[in-house]
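So the structure is just underneath, and the comments pick up after that.
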Amino acid sequence: MAGITGKDATLTAYADALAAAPKGRSLTQDALRRLSRNKAALVSIFVLAALVLFALAGPYFLPWTYDKIDWSAIRKPPDWVKGHYFGTDQNGRDMLARTLQGTQMSLLVATVATVVSVVIGIIYGAIAGYFGGKIDAVMMRFVDIMYALPYILFVIILVVIFGRSPVLLFVGIGCLEWLTMARIVRGQTLSIKQREFVEAARAGGAGPFAIIFRHVVPNLTGPVVIYATLTVPEIILTESFLSYLGLGVQEPQTSLGTLISFGAPVAEALPWMLFTPAAFLVVMLVCLSYIGDGLRDALDPKDR
Amino acid sequence: MLGYALRRVLTAIPIVLLTITVCFFILRLAPGGPFDGERALPPDQLRNIRAYYHLDEPLVMQFFRYVAGVAQGNFGPSMVMKDFTVARLIGIGLPFTLMLGFTAFIVGTVAGLVAGAIAAVNQNRWPDYLLVFVVLIPIIIPNFLMANVVQLVFGVYLHWLPVGGYTPGAWLNLVLPVLILAMPHGARVARLTRGSMIEVLGTNYIRTARSKGLGARLILARHAIKPALIPVVSYLGPGLSYLLTGSLVVEQVFALPGIGKYFITAALNRDYGVVLGTTILYVFIILALNLIVDVVYAWLDPKVRFR
Amino acid sequence: MADVLVVDDLDVTFQLHNSEVKAVSDLDFALAEGETLAVVGESGSGKSQAFLSIMGLLAKNGKGSGRAMLGDTNLIGLSPGELDRYRGKDIAMIFQDPMTSLNPALRIRTQLGEVLVRHQGYDRERANRAVIEMLERVGIPEPVKRASAYPHELSGGMRQRVMIAMALLCRPKVLIADEPTTALDVTVQAQMLDLFKTLTNDFGTALVLITHDLGVVAGVADRMMVMYGGRCIEKGPTDTLFYDPRHPYTLGLLHSTPNVDKRAARLDPIQGLPPSLEHLPRGCAFHPRCAFRFDRCFEERPPLLPVEDVREKACWYQGELNYEEVA
């Protein structure tokens, strides 16, 4: 869900600062140093890393796989003897294994969408910034319009198009998320374009794309890291939201949103079916939100 | 001021047109359609259906036919719910969705403004700490989760409020939906209000107002509120989009008769007509409301008017 | 002439994280009706804080103590509500930055008129007329049109004129102007000082001119008070201080002011930096930068004592200040 982290405002301000002072690296290093002094953010990074590691490695250590049916334990609350640490669902499948599977899926689609949005953002922003003038004006006007329109409508249109393939769906969502990245890259490109070494490269016959990739892209490490940190939770939230509505990941695959939507109607009788995936989602979002807040504070030029 | 509003209206028109165009072609060019059901239709029957919906014409023709229809308020037929036109479905669902949305918008905005202002005036005292903490909850926890939790707590366990459904007049059924919809919105408004109010209270012009001996209440009411509202009002536009997103969830969780249900079913069944019609209408409404927000903004910040 | 403002033993302290900082210590002075007092010092000398405390405008962590008698009322320690009976009416203040001191969201008319509505009980109509009259008086062309303008439509000099008009609407007994010309163009500065002089004369308002710029003081002020490290270190009639400074710091200030008359004169800035209020030097706060210091200055803080009839200074050195010799 765009906006949960307020990344547009934060990163746009950051992009302006970067464009004003092309020494992007020190600005970013400065921000990261300030982030490392923020205890809540540090703890969150640690917890999140542990959670991700658990989601990826955990399934190998559990007695049950996510799709194995335990006929002797259908709709059972947590049972430590049998190894159903968080209970089972209506089909006798282990909730913890399913939740870890769901977490993996959520992380996967979030990564896919983030990578896609970063790539598109870089290309779009670099083209707009490098060519400038009318091309730039038209391209950035388009970005402004996209900002003004409700994101969810486009997501639903994507669902119509890619409904049956979650990964493709999130490639599509990545195609909607690049706006902020494009703004950052454009600002960077505009400021780098005017420097002598780019002039020299151009005089030496280097093409626009060579210049962009050699001189602009390497400066983007910091912004990309920050952008990704703020984008991943948005996608995780979008995913869980869509899956909850039945529009995202569908059986037999699973995700946190899917699990929550299955758990919700039976929450009265089988609360663990709702609360296990919900707890994972909430912990993840809380951590990401503190990291996001930490980043925002670290990037806030007012405190500097 | 009037000129400013007019200019804004004029810039909104191409955006609506662009949205219609882009959405139309994306939807039509995508593979698959409303008639690839589980059982394949016989070819001649499919041809008839396609001819009936003008799907056999060139895409550009279809586009102009569609735009001409939209201009007259005709959004075409629903291709899945055979007996309904899109306009009819919208007519059934939209009033409820708008009513729910506006109620939540007003409740959330007012509550957020009041809470944010109280926190700002009491900066670094308990009301402030309380607010800063409480406000985090609906911002971090997704609304579908919150919806389920309040449904469980107030509906199932405590039996205080109905768990869902709605018939006209049953306003108690709307308490939880409005609450869930209003909370994240109100929380963001409160956060913004607090931040901008604290900033404004520290400005030189508030010091000037104090030096004039105006009294705390007048300073707050006349000097602080207007400039403090500027960032809040500029959030209200995007805030509407979040409310729209939230209403899809809330209508689903509480089984409410809004347009969200049709929208989601249509998306699953690739019912172009309904998805497109609803999208266009939503975009139109959002842009119109954004326009109002912008005009309010111009009233708050005199500098904008003269640009 | 009667004194309109008598300040006695004024202290201003700020509560920091885990320490207290004294920004102003033992300030005494009296302001006679209609006179102009210049308060001079570098930034951090406490000159602004002293007067902000009198106006009850200190930052939240600041606190004033002592006495500032406006007539029979001690302004220090009054609640904001009680202060509001005097602020803007009997005692007004103008701030350094006219660009940010006016509310951007309100028309000039509103911001000025509300003072009269509040303190004089005027209705809007009458307040408006008075506002336009006052705007004309401070030299704003087309006052009727300007009254309806928003601050951003006016230039910096214009806005400062608006501030002056605002402060003088109720014809206060005391006007405090905190660096009123610092943010303005040099050409506008002179006009603004003239305006101050004329208006305060006309209204019989006593003016406190806080500044770091001695050039501003020369033509305007009757008396002058020099502050350093939160204390008054020399005060007296402007002329005597200008032509015969007795405190080495005053002398230093005079020498660091560009002087068009003595074209050849070298600009002599005072050596070193102003002290941090958190770590004021022992003894005389100025001794680390003083060319005339001797043993006693390191150990004992000099009290403010009368020299001749009309002036006072806080310095142990009693000899002649012959700058050239030492420098």
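Note that these values count all heavy atoms, side chains included, but never hydrogens, waters or copies made by symmetry. Numbers restart at 1 for each chain; the letters A, B, ... are given by sequence-line order, proteins then strands. In this text, all values refer to a predicted model and were calculated from it rather than measured experimentally.
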Intermediate values then yes/no, side chain to side chain contact (heavy atoms under 4.5 Å, CB included), M93(C) and T208(B): CA-CA 8 Å; M93(C) 188 157 181; T208(B) 306; over 6 Å; no
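Residues M166(C) and K212(B) meet the side-chain proximity criterion, which asks for heavy atoms closer than 4.5 Å. Here the side chains of D97(C) and N204(B) are in contact, with some heavy-atom distance below 4.5 Å. Contact of the E114(C) side chain with the H223(B) side chain is registered, since non-hydrogen atoms from C-beta on lie closer than 4.5 Å. Side-chain atoms of D84(C) and R210(B), non-hydrogen and from C-beta on, never get closer than 4.5 Å to each other.
The environment of Q120(C) atom CD is dense: over 12 non-hydrogen atoms of other residues, nucleotides or ligands sit within 6.0 angstrom. Within 6.0 Å of CD on E136(C) lie no more than 12 heavy atoms contributed by other residues, nucleotides or ligands. The local environment of CZ in F203(C) is crowded, with over 12 non-hydrogen atoms from other residues, nucleotides or ligands closer than 6.0 Å.
Heavy atoms closer than 4.5 Å to chain B are found nowhere in L83(C), neither backbone nor side chain. In this structure, chain B has a heavy atom under 4.5 Å from the backbone of L58(C), while its side chain stays farther away. Of the atoms belonging to P80(C), not a single heavy atom falls under 4.5 Å from chain B. Heavy atoms closer than 4.5 Å to chain C are found in both the backbone and the side chain of S211(B). Residue contact with chain B, scored on non-hydrogen atoms closer than 4.5 Å, is absent for K89(C).
Interatomic distance, R207(B) CZ to T100(C) OG1, rounded to the nearest 0.5 Å: 7.5 Å. To the nearest 0.5 Å, atom NE2 of residue H152(C) and atom CG of residue D301(B) are 8.0 Å apart.
Highest contact tally toward chain B, considering only R85(C), Q96(C), H119(C), M55(C), is held by H119(C) [criterion: heavy-atom pairs under 4.5 Å]. Comparing P151(C), P104(C), C170(C), A167(C) by how many heavy-atom pairs each has under 4.5 Å with chain B, the most go to P104(C). In terms of heavy-atom pairs under 4.5 Å with chain B, the best-connected choice from A92(C), P172(C), G88(C) is G88(C).
When all heavy atoms are compared, the tightest approach of P227(B) to N103(C) is CG-OD1, 3.9 Å.
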